Structure formats: C-alpha cells, structure tokens
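What follows is a short report on a single structure.
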Amino acid sequence: MTLITSIETTSETTNQLESLNDVQHLFDRILQTNQLFINRDLLRSTYIPEILPHREEEITELGSILSPALKYETPSNIIMFGKPGVGKTAVTKLVGVELQIRGKELGKHIHFIYINCQLSDTLYKILQHISQQLNDNQPDTIIPSSGLPVDVIFAKIILLIDKQKQILVVVLDEVDKIRDDITLYTLTRINEQLRNARLSIIGISNNLRFTDFLDARVKSSLGQETMVFNPYDAQQLQDILRTRCQQALAPNILSDDVIPLCAAIAAQEHGDARRALDLLRVSVELAERKHDRNVTNKHVRLAQSKIEKDRIAEVIHSLPAQQRLLLHAIRILQKYNKHMRNPSAMITGELYYQYVELSKTVRYTPLSQRRVADFISELDGLGIISARVISKGRYGTTREIQLMISLTELEHILQDDEFIEEISQVKMKNQMKLII
DNA sequence: CATCCACAGGAACTTGGGGGCA
DNA sequence: TGCCCCCAAGTTCCTGTGGATG
C-alpha cells in the first residue's frame, strides 16, 4: 500500500524519478568513461602485497628470528625501528602470516596477533585484544571492554593461552604509544607464568629513541633482537610504485615523469612508501575525474596539495568542540594581528584570554589554562600551528604560536563550523571596539 | 648579578561514564 | 543494588626556566 502511494505520478514524484534517472546516467557515464584503474585498492597503503621490493633482507632476518616457533621453541623478542612507511608493518605481517601457514602445515599451533597500540594502549586493552584473537567462542574466556580488575583478566588470559602447547607471536605496532612501563614489563614476563605455551613480542616503533625511556629490565627483555629499517631512496620507491602499477593501473596511462616525481616527493619526506602510493593513487583519481586519458606531473602536483589540504581539513573537522573553539580564537587573533603592532605571532596568554572570551559567547565553560596548553601542544603536533617556547626575559616564558596553514584555508575549513555564526557576531563587536 | 615574570610541563588527584560481580 | 574496576578528560599543585631588568 505504502509502495503504491509512493509512486503515484504527481509532479513532485516525476521530478524525483527524473533525478533518479540522472543519477543512474551519471553512474553509467562514470563506468563507461576511460577506466584508469584496474584495482584501486592495490595502491592503498593498507594493502599488503606478496612481494615487497627492497625488503628481502629484513624478511629473511625476521623469518630466521621467528623460525624456532616452528619447533615450539620461543623466538626472541624483537624491537623494530624505522620511520613511517618504510615497510616495518608490511614485513611483519607478511612474515607472520607465512609463519602461521607453515605452522599449520606442520601441525603446530602458532598464532600471529597484530595489535596497534595507538588503539590499544593499556594492559587491559592489549589483553582483551589477545583474548579476542584467540577466541574459541567459550563464554568464560570473553573479556568485557571494561569493568574487571586487570589481574583477573591476566589470570584468564594465562589460562586461555596455556590451554595447549602453542606459540604466540604478539606484534605491538606503535609500541611507544603505551604510556606505562608496567604494561610492557608484564607482557615480557608472561612466559614465567606459562607451562605449555610460549609468547614472544615484536615491538614496532617510529621513534629511534623509544627504548631510552624504558625500564632497564623491559629494555633488555624486549630488545633481545633489534631490527632497523632504513628509509627507501627515490630509486627504491620507483621500483615499489612500478611493481604495484602493473596490477593496479591500465597499461600506458602514466607519463614517464609521474613515477619518478611521486618517488622524489616521497623520498624527501623520509622515504615514505605510503606517501608515494597515496600520491600516485590520488593523481590517477584526479585524472580520472577530469576524464583525462593520461596521468601527468600536473596531476601529481595537484594531488600533492589536495592530500595535504584534505588531511588538515579532516583533522580539524574531527577535533573536539573545545579544540575547535581554540582554533577559532587563533583564527580571530591572526586576523586582527595582521592590522596590529605585532603581526608575527600570538603568545599563550593572549590566546587563552581570547579563548575564554569565545567560550563565554558560545556558553561553554572555559577549560583551565593548563588544559588549553595541552591543546596547543596537540595542534602543534598535528602541524596546524607551530608553538615554540620562548623566553621574554623579565616578562616570563611563554609559547609563540603561529598558524602553519594560511588564514584563508583555515577560514574555509571552519566556514560551516557549529560556532561560526555566534562567533562572527563577536568579531563585529570587537571590530567596533577596535574602531572606538 | 640577583630578581622576577609568565608561563611550560610533570605528577597527583578528581570526576563521571562505561561496565562486572555477588 | 552497592561496591568494585578501568579509563579518559580535566583540575590543582608544583617546580623549573631563561633572559630582561634594576
């Protein structure tokens, strides 16, 4: 009944049907136009290929360190270092999965468990993750997301792991995100509690100096083996891109200079293969959208600026309200500073004052200066602002804050922000004050 | 050259929301 | 239902800092 009424031919529904037709034609047109991609996903950094060019040595080394697992012997714990996008995670996952398969063939129980510590940064969450991966659907081994004491969880995990003879290889990616020593200490000592099973840990870090801040016992236990991944050079990045292109893109659509340019740009940024792949993928996407038959260095340049702008816009849109409010304060100060005595930069004190004023306007309770100082550090870390500690002599130590993106870009990103209307009225009032 | 300012940033503590257990 | 736990976000308190100033 409802269906019948909904397709009655009123003028309104006719319009709707026409626009539906338009959309269908749009999709048809898109599908019919020149297809530059064969498989877009192969150019995504999350895709792990079967062949990793220029990482043969690392694969062999990791494989040989982990190989005792195939004889139920405990592999050494490993700590891996290297800048982002140099293949640490890819190599580890590739070898880990292969190890698991070989184990299965030999009738050995080997589990490869990958944990990103950015998401699981406490002992509780890591133990919960391990239990999920080992989950045998037994209700008594399911661990809730919170509510239980850690020692209870720990005892459950020990029982779960030790139920059978097995080797667990636990990868802690971005291990430096774990904030306390106790978590790593507990994990590296877990074998002392096990009778049948064994666990070894691979810690992956972007930070070469990560172990400097570790407890000495954790450091020696975790770092039984150390692997350092060097950045790819431009030539190696070109090889990586060419290998992926063969399967990902239609033949002969790239100008000769596209791959060298993507590789060169990524090589400048500490040899990041992810960056090179993103750059190439977005370049092809831009060409496809413009119905161009070839991808040229012009598309690469466009892609380069698009990626950076998109990244910043995405980061800003995902900020919590209080941090966006702080950004509005920065935006306003930057705008007025242009016309004032000191156009260079703002300092913590004046920024906090402006932030408190804005909070009152939008009826938010302003947070403490200490908390806002943390926000400033976070925005600095995200590359949206630069906050440099300076001493103003007798007038104290503060941070000099500068916007790292253009004011126009920031205004563009914030134009549809929830606070914008109320705040723009304040701006008017302030302008009046300035004139007076 | 001691003093002083306006913070930076570490550490401990609080609050409130999520949840489990007996 | 009351008590316990975990955790994120925030506050309070504190010590440290470094160069202009008198």
Side-chain angles (χ1 to χ4, degrees), chain A residues 115-132 135 137-160 172 174-187 207 209-210 212-215 315-316 318-327 329-330 333 337 341-342 344-360 362-382 384-402:
Chain A
I115 300 171
N116 189 325
C117 299
Q118 181 128 46
L119 306 171
S120 307
D121 58 349
T122 61
L123 183 57
Y124 192 104
K125 286 182 185 167
I126 289 171
L127 294 175
Q128 194 203 11
H129 204 109
I130 293 175
S131 95
Q132 269 173 5
N135 191 12
N137 292 322
Q138 297 295 312
D140 57 323
T141 56
I142 292 174
I143 293 175
S145 59
S146 75
L148 293 179
V150 177
D151 50 351
V152 173
I153 302 291
F154 190 72
K156 274 192 170 195
I157 288 286
I158 294 291
L159 278 178
L160 179 63
L172 302 174
E174 305 202 49
V175 63
D176 40 318
K177 295 292 186 303
I178 298 176
R179 280 168 285 174
D180 55 19
D181 273 356
I182 298 162
T183 300
L184 283 175
Y185 182 76
T186 311
L187 290 172
N207 182 358
R209 304 201 57 193
F210 153 66
D212 293 1
F213 310 104
L214 283 183
D215 178 286
V315 165
I316 291 177
S318 65
L319 289 176
Q322 292 279 12
Q323 292 202 38
R324 290 202 316 280
L325 208 50
L326 183 66
L327 263 182
I330 293 172
L333 280 179
N337 277 354
R341 275 153 288 157
N342 173 21
S344 61
M346 58 204 93
I347 58 166
T348 306
E350 60 182 24
L351 176 56
Y352 183 67
Y353 178 80
Q354 182 66 46
Y355 155 82
V356 171
E357 289 298 303
L358 287 188
S359 300
K360 285 180 196 161
V362 299
R363 290 174 294 280
Y364 267 55
T365 313
L367 300 177
S368 64
Q369 184 156 346
R370 180 69 190 83
R371 186 72 190 117
V372 170
D374 282 341
F375 287 169
I376 293 172
S377 303
E378 282 171 37
L379 293 178
D380 183 23
L382 291 168
I384 298 168
I385 59 169
S386 135
R388 195 166 53 96
V389 179
I390 54 157
S391 173
K392 291 167 82 73
R394 194 177 172 75
Y395 304 103
T397 305
T398 184
R399 277 189 292 186
E400 200 178 60
I401 298 151
Q402 266 174 315

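Only heavy atoms go into these numbers, but all of them, side chains included; no hydrogens, no water, no symmetry mates. Reminder, nothing fancy here: chain letters follow the sequence lines and each chain counts from 1. Since the model is a prediction, treat every value here as computed from it, not as a measurement.
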Nearest whole Å is fine: how far is [N] [atom2] from [X] [atom1]?
{"X": "Arg370(A)", "N": "dC7(B)", "atom1": "CZ", "atom2": "P", "result": "14 Å"}
{"X": "Arg399(A)", "N": "dT17(C)", "atom1": "CZ", "atom2": "C1'", "result": "14 Å"}
{"X": "Tyr124(A)", "N": "dA8(C)", "atom1": "OH", "atom2": "C1'", "result": "15 Å"}
{"X": "Ile143(A)", "N": "dC7(C)", "atom1": "CD1", "atom2": "C1'", "result": "16 Å"}
{"X": "Leu319(A)", "N": "dA9(C)", "atom1": "CG", "atom2": "C1'", "result": "15 Å"}
{"X": "Arg394(A)", "N": "dA2(B)", "atom1": "CZ", "atom2": "C1'", "result": "11 Å"}

By nearest nucleotide on DNA chain B, pick out whichever of Gly147(A) and Gly393(A) is the more 5' one.
Gly393(A)

Under 4.0 Å between a side-chain N or O of Thr348(A) and OP1 or OP2 of dA6(B)?
no

For dA8(C), take OP1 and OP2 only and decide whether either is under 4.0 Å from a side-chain N or O of Lys125(A).
yes

Contact class for Val152(A) vs. all strands (heavy atom < 4.0 Å): base, sugar-phosphate, or nothing?
nothing

I want to confirm an ordering. Mapping Asp374(A) and Leu123(A) to their closest nucleotides on DNA chain C, which one lands closer to the 5' end?
Leu123(A)

Shortest non-hydrogen contact between Lys125(A) and Leu119(A), atoms and distance:
CD-O, 3.7 Å

Looking only at N and O atoms, is any donor in the side chain of Thr397(A) or the base of dT17(C) less than 3.5 Å from an acceptor on the other one?
yes

